[in-house]
Amino acid sequence: MTWQFDDKLPIYLQIIHILKQDLACGKYPPGQKLPAVRELALEAGVNPNTMQKALSELERDGLLTSQRTAGRFVTEDKEKIMEVRRTLAYDEIERMVENISSLGYRREDIPQLLERYLSAQTKEPQNKLDTL
């Protein structure tokens with residue numbers, strides 16, 4: 001996995017976001033042990049202290065648990081993980097609504113546009129833009 005960071009946000013916050021996505025999509029299932037801090041830092045191309053800060057935040061949020069000699073593990077609280085998944089989805093929906101609204105559509109138009117788009121995906125028309 002190639003980690004890509006944006007210069008506009010602190011790296012540890014971006015790491016938190018990436019790891020939340022990994023937890024939400026099941027890359028690290030409930031109860032699974034995470035790789036060691038140094039291993040994750042090497043993979044991400046960041047300082048181990050930066051990775052440690054991100055993991056500590058996730059631990060404070062209850063998404064990770066720490067066992068002194070065994071390392072860090074993903075929480076077994078599946079509802080907590082589903083909550084993160086919903087929050088990430090809502091964040092994406094918010095961005096989508098803002099972007100579509102900036103094109104001149106009203107908020108009330110968006111569900112119909114989305115329905116047309118999803119319907120077009122199942123039919124796979126020649127030109128997707130013709131259906132929207």
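Note that these values count all heavy atoms, side chains included, but never hydrogens, waters or copies made by symmetry.
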Enquirer: Could you tell me which non-hydrogen atom of S101 sits nearest to which non-hydrogen atom of R107, and how far apart they are?
Expert: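 Closest approach of S101 to R107: OG-CG, 4.3 Å.
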
Enquirer: Looking only at heavy atoms, what is the nearest atom pair of P48 and V37, with distance?
Expert: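 Nearest heavy atoms, P48 then V37: O-CG1, 3.5 Å.
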
Enquirer: State the OG1-CG distance between T50 and L55, to the nearest 0.5 angstrom.
Expert: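 Interatomic distance, T50 OG1 to L55 CG, rounded to 0.5 Å: 11.0 Å.
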
Enquirer: Evaluate the side-chain proximity of I110 to M96: yes if any heavy-atom separation is below 4.5 Å, no if none is.
Expert: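 Answer yes - side chains close enough.
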
Enquirer: Are any side-chain N or O atoms of Q14 and backbone N or O atoms of L9, one a donor and one an acceptor, separated by less than 3.5 Å?
Expert: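 Between the backbone of L9 and the side chain of Q14 there is a qualifying donor-acceptor contact (under 3.5 Å).
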
Enquirer: Within this structure, what is the CD-CG distance for the pair E59 and L34, rounded to the nearest 0.5 Å?
Expert: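 E59 atom CD to L34 atom CG measures 10.5 Å (nearest 0.5 Å).
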
Enquirer: Strictly below 4.0 Å, N to O, side chains only: are E98 and R95 in salt-bridge contact?
Expert: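 Salt bridge: no.
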
Enquirer: Indicate yes or no: at least one non-hydrogen side-chain atom of T65 is less than 4.5 angstrom from one of E76.
Expert: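 No - every pair of side-chain heavy atoms lies 4.5 Å or more apart.
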
Enquirer: Which heavy atom of K33 sits nearest a heavy atom of G71, and at what distance?
Expert: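 Of all heavy-atom pairs spanning K33 and G71, the closest is CE-CA, 4.3 Å.
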
Enquirer: Decide whether L23 and M82 are clustered together by the hydrophobic rule: side chain heavy atoms of Ile, Leu, Val, Met, Phe, Trp, Tyr closer than 4.5 Å, transitively.
Expert: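 No; tracing contacts between hydrophobic side chains, which count when under 4.5 Å, never links both residues.
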
Enquirer: First locate atom CD of Q52, then atom CD1 of I15, and finally report the distance between them rounded to the nearest 0.5 Å.
Expert: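 So the gap between those two atoms works out to 11.0 Å.
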
Enquirer: Roughly how far, to the nearest 0.5 Å, is CD1 of I18 from CG of L13?
Expert: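 Output value for this atom pair is 11.0 Å.
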
Enquirer: Any non-hydrogen side-chain atom of Y28 less than 4.5 Å from a side-chain atom of L19?
Expert: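 Yes, their side chains come closer than 4.5 Å.
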
Enquirer: May I ask you to decide whether E79 forms a salt bridge with R86, counting only side-chain N to carboxylate O separations under 4.0 Å?
Expert: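 Yes.
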
Enquirer: For F73, does its backbone N or O pair with a side-chain atom of Q67 as donor and acceptor, under 3.5 Å?
Expert: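 Not at all, since once roles are kept as given, no pair shorter than 3.5 Å links the two residues.
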
Enquirer: Please answer whether the main-chain N or O of N99 pairs with a side-chain N or O of S102 as donor and acceptor at a distance below 3.5 Å.
Expert: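 Flag set: sc S102 to bb N99 pair under 3.5 Å.
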
Enquirer: Verify, without hydrogens or angle tests, whether T87 (side chain) and E83 (backbone) share a donor-acceptor contact under 3.5 angstrom.
Expert: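 Here the side-chain-to-backbone pair exists.
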
Enquirer: Are more than 12 heavy atoms from other residues, nucleotides or ligands located less than 6.0 Å from atom NZ of K78?
Expert: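 It does not: K78 NZ has 12 such atoms or fewer within range.
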
Enquirer: Can you tell me how far the CG atom of L64 sits from the CZ atom of R72, to the nearest 0.5 Å?
Expert: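 Reported value, rounded in 0.5 Å steps: 7.0 Å.
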
Enquirer: Decide yes or no for L114 and I100: does some side-chain heavy atom of the first lie under 4.5 Å from some side-chain heavy atom of the second?
Expert: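 Not touching, per the 4.5 Å side-chain cut-off.
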
Enquirer: Does a side-chain heavy-atom distance below 4.5 Å link F5 with V46?
Expert: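 They are in contact (side-chain heavy atoms under 4.5 Å apart), so the answer is yes.
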
Enquirer: Say you draw a straight line from CG of L63 to CD of E57; how long is it, rounded to the nearest 0.5 Å?
Expert: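 The CG atom of L63 sits 11.0 Å away from the CD atom of E57.
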
Enquirer: For the hydrophobic clusters of this structure (ILVMFWY residues joined by side-chain heavy atoms under 4.5 Å, transitively), does one cluster hold both W3 and I11?
Expert: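 In one cluster with W3: I11, yes.
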
Enquirer: Please tell me if the side chains of D61 and V84 come closer than 4.5 Å, counting only heavy atoms from C-beta onward.
Expert: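 When only atoms from C-beta onward are counted, V84 and D61 do not touch, as no gap falls below 4.5 Å.
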
Enquirer: Using side-chain heavy atoms (C-beta onward) and a distance below 4.5 Å, is L118 in contact with T122?
Expert: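 L118 vs T122: side chains apart.
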
